[in-house]
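Notes follow once the structure below has been shown.
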2 protein chains.
Amino acid sequence: MGVTIKDIATKANVSPSTVSRVISNSPLIGEKTKRKVKKVMEELGYFPNFHARVLVNGATCSLGIVMPVSMRDQDLVFQNPFFQDVMKGVGSFVHSKNYSLYMTSGETEEEIYQDVVNMVKGRRVDGILLLYSQEEDPIINFLVEHDFPFVLVGHPPDNVQNITYVDNDNYKIAQNVTKYLLSLGHKKIAFIGGNKRLIVTRNRLSGFLDTLSLSGLSVPEDYIKHTEFSIEGGNASVQELLELNELPTAIFVTDDVLAMGVLNVLHEKEIRVPEQVTVVSFNNLFFAGFTIPPLTTVDVNIYQLGYEAAKCLVEKVEDTSATPKCIVVPSKLVVRKTCQHIGDQSLEKISSHLDFQIVVQ
Amino acid sequence: MGVTIKDIATKANVSPSTVSRVISNSPLIGEKTKRKVKKVMEELGYFPNFHARVLVNGATCSLGIVMPVSMRDQDLVFQNPFFQDVMKGVGSFVHSKNYSLYMTSGETEEEIYQDVVNMVKGRRVDGILLLYSQEEDPIINFLVEHDFPFVLVGHPPDNVQNITYVDNDNYKIAQNVTKYLLSLGHKKIAFIGGNKRLIVTRNRLSGFLDTLSLSGLSVPEDYIKHTEFSIEGGNASVQELLELNELPTAIFVTDDVLAMGVLNVLHEKEIRVPEQVTVVSFNNLFFAGFTIPPLTTVDVNIYQLGYEAAKCLVEKVEDTSATPKCIVVPSKLVVRKTCQHIGDQSLEKISSHLDFQIVVQ
DNA sequence: CTGAAAGCGCTTACAG
DNA sequence: CTGAAAGCGCTTACAG
């Protein structure tokens with residue numbers, strides 16, 4: 001059915017080798033022959049068979065994307081627009097390099113693991129991009145063991161020196177966000193975050209906790225909530241906080257989807273934001289500027305996270321000997337309306353104490 | 001580097017053919033040989049080379065996914081969670097059938113078209129899934145011309161008899177939604193929808209328009225807005241409506257992201273929903289129950305749309321002679337708080353006049 | 001500058 | 001029940 005190199009060869013009166021060389025634009029071939037062969041290719045509508053090429057070259061120019069698609073059993077239900085945004089960044093770089101994208105479709109950790117094994121051992125991809133990072137991840141171990149090129153979006157759970165990853169400096173960001181809250185006068189600050197196994201969650205929590213304890217503030221245990229990544233999760237968590245005797249005056253939320261759930265409950269209970277409760281969040285997802293009130297949140301540059309990760313991975317694939325590296329994507333706090341409003345001057349002042357870019361929108 | 005069938009053959013003292021037969025579990029091979037060979041495969045960690053297989057079998061067991069990723073030039077910026085949801089459905093079915101997923105990464109129509117050509121002509125996939133449907137789409141034409149298996153999520157722009165597609169009955173739904181609005185007493189109803197080239201937009205618009213005209217109501221031209229699929233798009237459109245002399249009392253919005261923008265502006269301008277303006281929308285995206293007020297919207301069963309589409313495609317791939325078919329995914333109106341509230345009884349009454357499932361949440 | 005030959009890793013008629 | 005041979009569509013040393 002498909003036109004092959006042989007068909008071209010016969011019709012152009014040359015050998016298949018010559019056709020192959022014309023395709024790869026080898027300088028060895030004479031101009032005349034090139035033109036002749038190219039014309040025939042045009043006429044017959046030739047297109048190289050991908051698999052035949054891969055079989056001899058080895059390189060697939062494809063990357064495998066590992067998404068945490070709804071791991072229901074782990075309550076990691078990702079209905080999070082975050083991933084769509086990362087993928088845009090990934091897609092953009094990858095396209096510029098003529099690489100293709102392969103996706104896992106597994107729905108449990110075990111299935112996703114199998115998907116990865118298939119990709120790697122079946123030689124379907126040249127590298128793997130992990131869009132998340134969590135503790136005790138068998139996939140990372142598998143990849144390391146097989147010395148297969150991969151890049152992590154997020155901070156490695158361990159083995160940091162040997163893994164190439166792209167991440168924000170979540171610990172530092174969390175410190176600065178917390179300092180920001182402190183400078184606003186808050187002392188009773190609660191935390192709502194995603195699954196504990198995720199490294200992002202842990203890093204943001206540590207930054208938060210460490211900063212408070214440096215200020216001599218301790219956080220009661222029931223001020224710290226871990227929940228699934230959904231509006232409902234955010235909902236449930238604030239509800240719990242609101243049942244406490246001593247209410248927090250600020251809530252540090254690690255994701256905008258969660259924050260949406262938080263704002264929702266507060267609005268329903270007619271608790272005024274930011275007058276009664278201050279809310280900060282992370283990720284600056286597409287709806288962050290349109291919640292009620294508009295969310296003050298850290299823009300972590302999701303697109304760039306994806307773009308850089310893809311770039312690192314392609315580099316790694318094309319030069320396997322490259323040493324592991326880590327790219328830190330910059331971020332900034334986008335101040336909107338969910339934190340106690342203070343005069344512009346004082347914001348500047350606060351800002352000067354922080355190691356952190358602040359932008360008012 | 002990789003272990004091949006040959007390695008196994010030598011170590012197991014059989015021929016490569018035998019190993020191949022063991023892998024495909026051929027009944028011809030004796031039990032003893034099978035055990036012996038399997039043991040060696042185990043020891044050596046054998047995994048079949050995907051590309052070698054494809055080269056001889058032809059089948060890739062891979063599907064290509066065409067996403068309308070941010071076609072900036074066409075103002076079709078899709079930051080819409082819709083696609084993540086469809087992909088869940090697609091992934092779920094595909095995984096059960098051991099198929100893999102390939103993604104386009106192009107960012108303009110031209111690039112995406114090239115991605116598709118590469119997939120098809122390079123024999124990288126067995127079928128193509130188009131996650132959207134629009135007028136004058138060169139991709140559809142290409143696929144039809146090459147008689148390549150594909151399935152459309154959405155209604156074909158033309159050539160309906162020859163294309164397999166999965167869609168909601170958007171025209172009918174729009175009719176019923178409009179009737180619903182009419183029965184609520186609205187006469188001045190505006191429309192905010194996405195790009196005109198998209199068939200969904202057109203179908204929902206026609207259903208809307210036809211129903212109104214059947215009721216003897218005409219819609220002024222400036223009551224009909226087409227905008228990009230973003231909160232900002234929704235924002236801009238209501239702003240325009242609010243500048244009109246004669247304000248609509250209801251707005252028919254074709255997508256929740258747009259509706260979010262609509263609600264946002266109305267809230268800012270302190271226009272009360274639903275008391276002053278009623279809003280209905282489509283898709284029931286993850287945040288629809290959490291806007292302020294919670295959105296009344298049509299649940300189009302996004303997941304099932306993806307699931308069925310993948311199913312149709314695999315069927316088509318595995319039986320090329322299958323006749324084109326069309327699957328209509330059911331939908332229902334989820335009544336929340338953006339439409340003028342009326343007593344439960346009258347909702348029942350209204351419902352009885354509609355050819356449409358209504359659910360109160 | 002061009003061609004014949006071997007080979008990438010598999011499968012599958014064809015023999016036996 | 002098992003093996004030798006041909007072939008899937010390409011690339012790339014090796015000759016000339």
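The sequence lines fix the lettering, A, B, ..., with proteins before strands; numbering per chain opens at 1.
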| note | Separation of dC14(D) atom C1' from Arg21(A) atom CZ, nearest Å, is 10 Å
| message | Counting only side-chain nitrogens and oxygens, does Thr4(A) get under 4.0 Å of the OP1 or OP2 atom of dG9(D)? | response | no
| request: Between Thr18(B) and Leu55(B), name the one whose nearest nucleotide on DNA chain D is closer to the 5' end. | output: Thr18(B)
| task | Using atom CZ of Arg124(B) as one end and atom P of dG9(D) as the other, report the distance to the nearest whole Å. | result | 17 Å
| field | Sole candidate of Leu130(B), Asp158(B), Ile140(B), Val151(B) that passes side chain to side chain contact (heavy atoms under 4.5 Å, CB included) when paired with Ile163(B) | value | Ile140(B)
| request: Nearest whole angstrom, please: distance from the P of dC1(D) to the CG of Asn25(B). | output: 13 Å
| said: Categorize Tyr46(A) for me: base, sugar-phosphate, or nothing, with a 4.0 angstrom heavy-atom threshold over every strand shown. | reply: sugar-phosphate
| request: Could you tell me whether the side chain of Ser92(B) and the main chain of Gly89(B) form a donor-acceptor pair under 3.5 Å? | output: no
| field | Heavy-atom donor-acceptor pair, Arg123(B) side-chain to dG9(D) base, under 3.5 Å | value | no
| said: Using heavy-atom distances to pick each residue's nearest nucleotide on DNA chain D, tell me which of Asn57(A) and His51(A) is more 5'. | reply: His51(A)
| message | Less than 4.5 Å apart, side chain to side chain, heavy atoms only: is that true for Leu63(B) and Leu129(B)? | response | no
| field | Nearest-Å distance for atom pair NZ/C1', residues Lys6(A) and dG3(C) | value | 15 Å
| task | Please determine, for the side chain of Ser17(B), which listed nucleotide (dC10(C), dG3(D), dT11(D)) has the closest atom? | result | dG3(D)
| task | Name the closest nucleotide to the Ser20(B) side chain, picking from dT11(D), dG9(D), dT12(C). | result | dT12(C)
| query | Backbone N or O of Val317(A) within a donor-acceptor pair of the Asp126(A) side chain at under 3.5 Å? | reply | no
| query | Between Met67(A) and Met103(A), what is the shortest heavy-atom contact and its length? | reply | CE-CE, 3.6 Å
| said: Show, in sequence, the C-alpha distance, side-chain angles and deciding distance for Glu42(A) and Lys38(A), and conclude whether the salt bridge (Lys or Arg N to Asp or Glu O under 4.0 Å) test is met. | reply: CA-CA 6 Å; Glu42(A) 198 76 28; Lys38(A) 276 182 182 164; over 6 Å; no
| request: Round to a whole Å and report the spacing from CG of Asn13(A) to C1' of dC1(C). | output: 16 Å
| request: Taking Watson-Crick and G-U wobble pairs with both distances under 3.5 Å, convert DNA chain D into its dot-bracket string, 5' to 3', dots for unpaired and | for cross-strand pairs. | output: |||.||||||||.|||
| query | Starting at CD1 of Ile29(A) and ending at P of dT2(C), how long is that distance when rounded to a whole Å? | reply | 5 Å
| field | Between P of dG7(C) and CG of Asp7(B), the distance in whole Å | value | 15 Å
| said: I'd like to know if the side chain of Asp137(A) and the backbone of Ile139(A) have a donor-acceptor N/O pair within less than 3.5 Å. | reply: yes
| field | Student check: side-chain heavy atoms of Ile128(B) and Val66(B) closer than 4.5 Å | value | yes
| field | Proximity to the side chain of Thr33(B) - top-ranked nucleotide from dC1(D), dT11(D), dC8(C) | value | dC1(D)
| task | From the options dT11(C), dA4(D), dC10(D), select the nucleotide whose nearest atom is closest to the side chain of Ser15(B). | result | dA4(D)
| task | Whole angstrom is fine here: how far is it from CG in Leu28(A) over to C1' in dA15(D)? | result | 14 Å
| said: Considering every strand and a 4.0 Å limit on heavy-atom distances, what is the contact class for Val14(A): base, sugar-phosphate, or nothing? | reply: sugar-phosphate
